[in-house]
Each structure stands twice: as C-alpha cells, then as structure tokens.
Amino acid sequence: VYAGASGLAAAVVERSAPGDTSPVPVVGAKRVEAFVASMAVLLAGRPVVPLELSDAADRRGRVLARLGARVVLAPAGFDPGLDGVRTIAYDADGTGREEAFAPMALAPDQPAAVLFTSGSTGEPKGVVYDAWLLDYVARHRHHFLGHDPGRPVAVAGPFSVSLPLAVTAVFGTRLVARGGDDIEGFFQWVEECELDHVAITPSMALAALRVWPGGRRLPSLRRVTTFG
C-alpha cells in the first residue's frame, strides 16, 4: 500500500499550489486502487474525500464545488466537469516512481476525511473525521477483527463509506474489496477468495439474506460485520 501510495502522494504535492491544504476527492471505480489513492492523499497531509464514480455528475459536481477542490484523484479519462480542477489518474500517474516520499503528518485535530451522505433526503452532507478519529476507528477495527498478515481485510460496499475500514490495511494486512451492487457476485467472491470474514453495509446484509440461495454453503465464512 505504501509503495503504491508514495508516488501518488508526490504527484498530489507537485500539482498543488504551495501551502494548499484543501480536501482532495478520490473518485472510486477500481476499489483497491482507490483505497491506495486515498492513502496517498493522507500521506500528502491533505483530507481525503471518497466519492463514487457511479454518482450522478450534477451531484458530484456540487460536492466538488462545495469543497473548493483543486485536485482530484480518479481513473484515467475522468472529467471533473469544473474549470481549474486538475485530475491525477491513480491508475497511471505516480506509478513506477522509485523516489522515497516523506509523509506530511496531520495533526490529531486536523480533518483527515470527509464522508458525504447519499443525499437521498436532500443535499449531501459531509461528515468530518479528524485524524485522531480515523486513527481510532482503524485501530479499533484492527483489534476487534484480529487481523493478521495471513487474513485479508475483506470489504464489500460503497467506496465512499468504507474508507475508515479499509485504513486497517496500514497494519500490514491484505486488502480485498468489491462493490455491493451484485449479491450473486458477492457469494462467488466469498467462495473464490475463501474469506472467513467480510464487512458489508446493513442494506447489503439484508439483501443477501433475502436472496440467500437454498442449500448453498460458504464453508470458509465465519463472521459478517456491518459498517456505514
């Protein structure tokens, strides 16, 4: 994770104005790559704002405008739709860079992440995680779940709300992730990866229970937790 995030962090700093501390949105499409890009933003000493590629363009545009975003990390070819916003392709830019990057530490009371609500009942609202809170959540999940390097952190659900859980990957555990919009694909994913624990959203858990295939067994699965 650090090796992949280091080059992207350097790209964030290079393409930002000196002293810029504005939030940096990360538009998720490829889940694991988006999580690595989020780590890059934190290494660059900036608050990260995870967004979904599947969001309506007008909703995403309103969020970017409210944030005053100047740099966005996104898949190659992404158009932010706003003047003056630079795009860094997290699946191309920064890769292959070998120079070490000195992380820019966030103070405990500095914002580290802003997670936006869906906006289903009105305008999307930003929930701020200060650095100490994001650190606490990651450490708590790591301790509670008992992760070790041989057991992956398995996350299924929207990238925009799963970031605090994925941060547990900094403890050296392997991260596997997928979206939460394909229940049958979720069952296959658990089988193929031989997962013993997965973290999913409550709505996905209910959907999985409603369509649980009769007679189907998932022998590796021991625990399901929810987040979001």
Side-chain angles (χ1 to χ4, degrees), residues 1 4-5 8-9 11-13 15-17 19-76 78-91 93-94 103-120 122-138 155 157-170 177 179 201 227-228:
V1 171
L8 283 172
V12 170
V13 172
R15 302 189 191 186
S16 300
D20 188 359
T21 59
S22 63
V24 178
V26 175
V27 181
K30 301 176 180 179
R31 288 297 192 276
V32 172
E33 289 88 339
F35 286 133
V36 172
S38 299
M39 300 300 178
V41 175
L42 295 174
L43 286 176
R46 306 276 286 277
V48 58
V49 186
L51 300 175
E52 298 289 340
L53 184 63
S54 59
D55 287 343
D58 60 339
R59 176 195 183 277
R60 192 168 53 237
R62 293 198 306 273
V63 170
L64 293 178
R66 286 175 57 188
L67 291 170
R70 301 178 183 88
V71 174
V72 175
L73 274 69
F78 174 78
D79 181 6
L82 293 175
D83 294 335
V85 179
R86 295 184 175 183
T87 300
I88 298 174
Y90 56 64
D91 47 2
D93 295 334
M104 301 181 178
L106 287 165
D109 59 348
Q110 280 185 273
V114 182
L115 277 58
F116 276 86
T117 61
S118 65
S120 58
E123 192 70 15
K125 300 177 180 63
V127 179
V128 178
Y129 280 67
D130 285 344
W132 72 266
L133 180 57
L134 191 63
D135 178 74
Y136 171 80
V137 170
V155 183
F159 162 67
S160 57
V161 297
S162 55
L163 175 64
L165 179 60
V167 170
T168 58
V170 301
T201 60
F227 66 92

Spatial distance of atom [atom1] ([X]) from atom [atom2] ([Y]) [nearest 0.5 Å]:
X    : Y    : atom1 : atom2 : answer
R59  : F116 : CZ    : CZ    : 8.0 Å
L115 : L51  : CG    : CG    : 9.5 Å
F35  : Y90  : CZ    : OH    : 10.0 Å
F78  : L73  : CZ    : CG    : 11.0 Å

Mind listing the closest non-hydrogen atom pair of [X] and [Y] along with its distance?
X    : Y   : answer
R86  : R15 : NH1-O, 3.2 Å
V24  : R46 : CG2-NH2, 3.6 Å
A89  : P75 : CB-C, 4.4 Å
M104 : A44 : SD-O, 3.5 Å
L8   : A40 : CB-CB, 3.5 Å
L82  : G61 : CD1-O, 3.9 Å

Hey, does [Y] have a side-chain heavy atom less than 4.5 Å from the side chain of [X]?
X   : Y   : result
V63 : P25 : no
V72 : L64 : yes
D20 : V71 : no
P47 : V41 : no

Name of the residue among T21, V128, L106 meeting side-chain contact (heavy atoms from CB on, under 4.5 Å) with P111 = V128
